[in-house]
Number of protein chains: 2
Amino acid sequence: MGTRNPGQRAGLTRGAVLAAANELLAERGLAALTMRAVATRLDVAPNALYSHVANKTALLDEVLDERLALVTEPDPDGDPAAGLHAVMTSTRAVLLDRPDLVPLYLARQGARGPHAQRLGEVMLGLMDRAGVTGGDAREALRVLIVYTIGFAALGTGGPLAADETARSFDRGLRWLLTGIIPG
Amino acid sequence: MGTRNPGQRAGLTRGAVLAAANELLAERGLAALTMRAVATRLDVAPNALYSHVANKTALLDEVLDERLALVTEPDPDGDPAAGLHAVMTSTRAVLLDRPDLVPLYLARQGARGPHAQRLGEVMLGLMDRAGVTGGDAREALRVLIVYTIGFAALGTGGPLAADETARSFDRGLRWLLTGIIPG
DNA sequence: ACCTGAACACCGTTCAAGT
DNA sequence: ACCTGAACACCGTTCAAGT
């Protein structure tokens, strides 16, 4: 840490900062994800991070969107209801790996960012093929996203077993999909 | 503030601490709700609060449960589906008044506390009268709660108008209730 | 039992330097 | 442009006193 003088570079990149943040999150949870801890892990002074990210909020935003890259995209030409079911199930699984993050998704009202946007478009495409369009499609999209994020939030640590929760999720999801795409 | 000496009482109560916390939340939002700010508002030293609440988490827990006292309870002898619809709609309205809190409900996995428990029991009673019992009822309860909290979280500040969001919520809620109580 | 003073171990962020 | 040192304005919480 004290090994470098002012003016000497540490070879930091935006990607390295993001990677360090993700590692910290995985190893020690959200509470441990502080700017100072990220800096320590990268062996730089805390304020060095501000050359690569605007602030902590921006860093978190990117961490959040990056996770959505892990969601398995459905076949856009397959059965719409099955595709929607698959995306939401995959999304829940991805979120379940980092339950700490879920309240942040909700605080930010569902995540901006390229990955979130792409998933939304895929889902709208599936609905379109099922005859659900316009405002109806946007409503249904919102319902599905809220339901899935909400369930991921309550999906861990509760009194119910993991497989029981998975069944509850699946059940409610089918109720919703039946409402969205009747028949 | 510096007007009292060690040993002199300020007449603080647990209720006063809670009230100050709620006022701060209403006037300046969750970020402004710090132990030090609560203490300042009560004109005491920060650590004086610890004679009345265990820590900040315990204080927040009570603030969260207290809000649920505002939820209108349904007629336990009325139509079950209508009753469930009414509780969830009322809950959403109550949460919508303090959107800052919603991520906290989710982070805590849906709120412990007496008011939360009472509402759960009322809902289970309604389902029982509709023939939904045991594990099925617990599943349905969980689905409804998650859906409602999740929607409250995304219910404000988004790109959609308030009435449009209210309609989306209502629509999804009816889909779920149709699944829970068929016919 | 309830409160103050002082302190501890933290935060995120900014500003002025150095190369 | 990228980094350090130092500092600012905060946090929650604890501990030793006072009455």
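Letters A, B, ... are given to chains in the order of the sequence lines, protein chains preceding strands, and every chain is numbered from 1.
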task = Working to the nearest 0.5 Å, report the span between CG of B:L64 and OG1 of B:T57.
result =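 Going from CG on B:L64 over to OG1 on B:T57, the span is 10.5 Å.
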Sugar-phosphate only, base, or nothing, as touched by A:A10 at under 4.0 Å among non-hydrogen atoms =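 Sugar-phosphate: the residue A:A10, judged by heavy atoms under 4.0 Å, touches backbone atoms but no base.
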According to ring pair (Phe, Tyr, Trp, His ring centres under 6.0 Å), does anything in [range] pair up with another residue at least two apart or in another chain? List the pairs.
{"range": "residues 28-55 of chain A", "result": "none"}
{"range": "residues 117-138 of chain B", "result": "none"}
{"range": "residues 112-146 of chain B", "result": "none"}

Quick one: [X] [atom1] to [N] [atom2], roughly how many Å, whole number?
{"X": "A:L49", "N": "D:dC2", "atom1": "CG", "atom2": "P", "value": "13 Å"}
{"X": "A:R9", "N": "C:dG18", "atom1": "CZ", "atom2": "P", "value": "16 Å"}
{"X": "A:L60", "N": "C:dC11", "atom1": "CG", "atom2": "C1'", "value": "14 Å"}
{"X": "B:R36", "N": "C:dA9", "atom1": "CZ", "atom2": "P", "value": "15 Å"}
{"X": "A:Q8", "N": "D:dA1", "atom1": "CD", "atom2": "C1'", "value": "15 Å"}
{"X": "A:L42", "N": "D:dC2", "atom1": "CG", "atom2": "C1'", "value": "14 Å"}

message = Please compare B:P6 and A:G7 by the position of their nearest nucleotide in DNA chain D and report the one closer to 5'.
response =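 With B:P6 and A:G7 compared, the 5'-side residue is A:G7.
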key: Range-with-range stems for DNA chain C, at least three Watson-Crick or G-U pairs under 3.5 Å   =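 Runs of three or more consecutive pairs: C:4-8 with D:12-16, C:12-16 with D:4-8.
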key: Nearest-Å distance once atom P is located in both D:dA9 and C:dA9   =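 Here D:dA9 and C:dA9 have their P atoms 22 Å from each other.
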inquiry  = Counting only heavy atoms and a strict 4.0 angstrom limit, can you tell me which residues of residues 50-58 of chain B come near DNA chain C?
reply    =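 Under 4.0 Å from DNA chain C: B:S51, B:H52.
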request  = Establish, with yes or no, whether the OP1 or OP2 oxygen of D:dT4 is under 4.0 angstrom from a side-chain nitrogen or oxygen of A:R4.
outcome  =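 The answer is yes; a side-chain N or O of A:R4 sits under 4.0 Å from OP1 or OP2.
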Residues two or more places apart in sequence or in another chain: which of them pass salt bridge (Lys or Arg N to Asp or Glu O under 4.0 Å) with [X]?
{"X": "A:R167", "value": "B:E139"}
{"X": "A:D128", "value": "none"}
{"X": "B:R174", "value": "B:D170"}
{"X": "A:D65", "value": "none"}

key: Interface with DNA chain D, restricted to residues 13-35 of chain A and to heavy atoms under 4.0 Å   =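 Those residues: none at all.
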ask   = For A:A21, what residues pass the side-chain contact (heavy atoms from CB on, under 4.5 Å) criterion, not counting sequence neighbours?
value =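 With sequence neighbours excluded, A:A21 shows a side-chain contact (heavy atoms from CB on, under 4.5 Å) to A:L33, A:V38, A:L59, A:V63, given in chain and number order.
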ask   = With a 6.0 Å cut-off on ring centres, are B:Y147 and B:F169 close enough?
value =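 When the ring centroids of B:Y147 and B:F169 are compared, they turn out to be within the sub-6.0 Å range.
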Within residues 95-106 of chain B or reaching into it, pairs that qualify as salt bridge (charged side-chain N to carboxylate O under 4.0 Å, His left out) - sequence neighbours excluded =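 Sorted result for residues 95-106 of chain B: empty, none.
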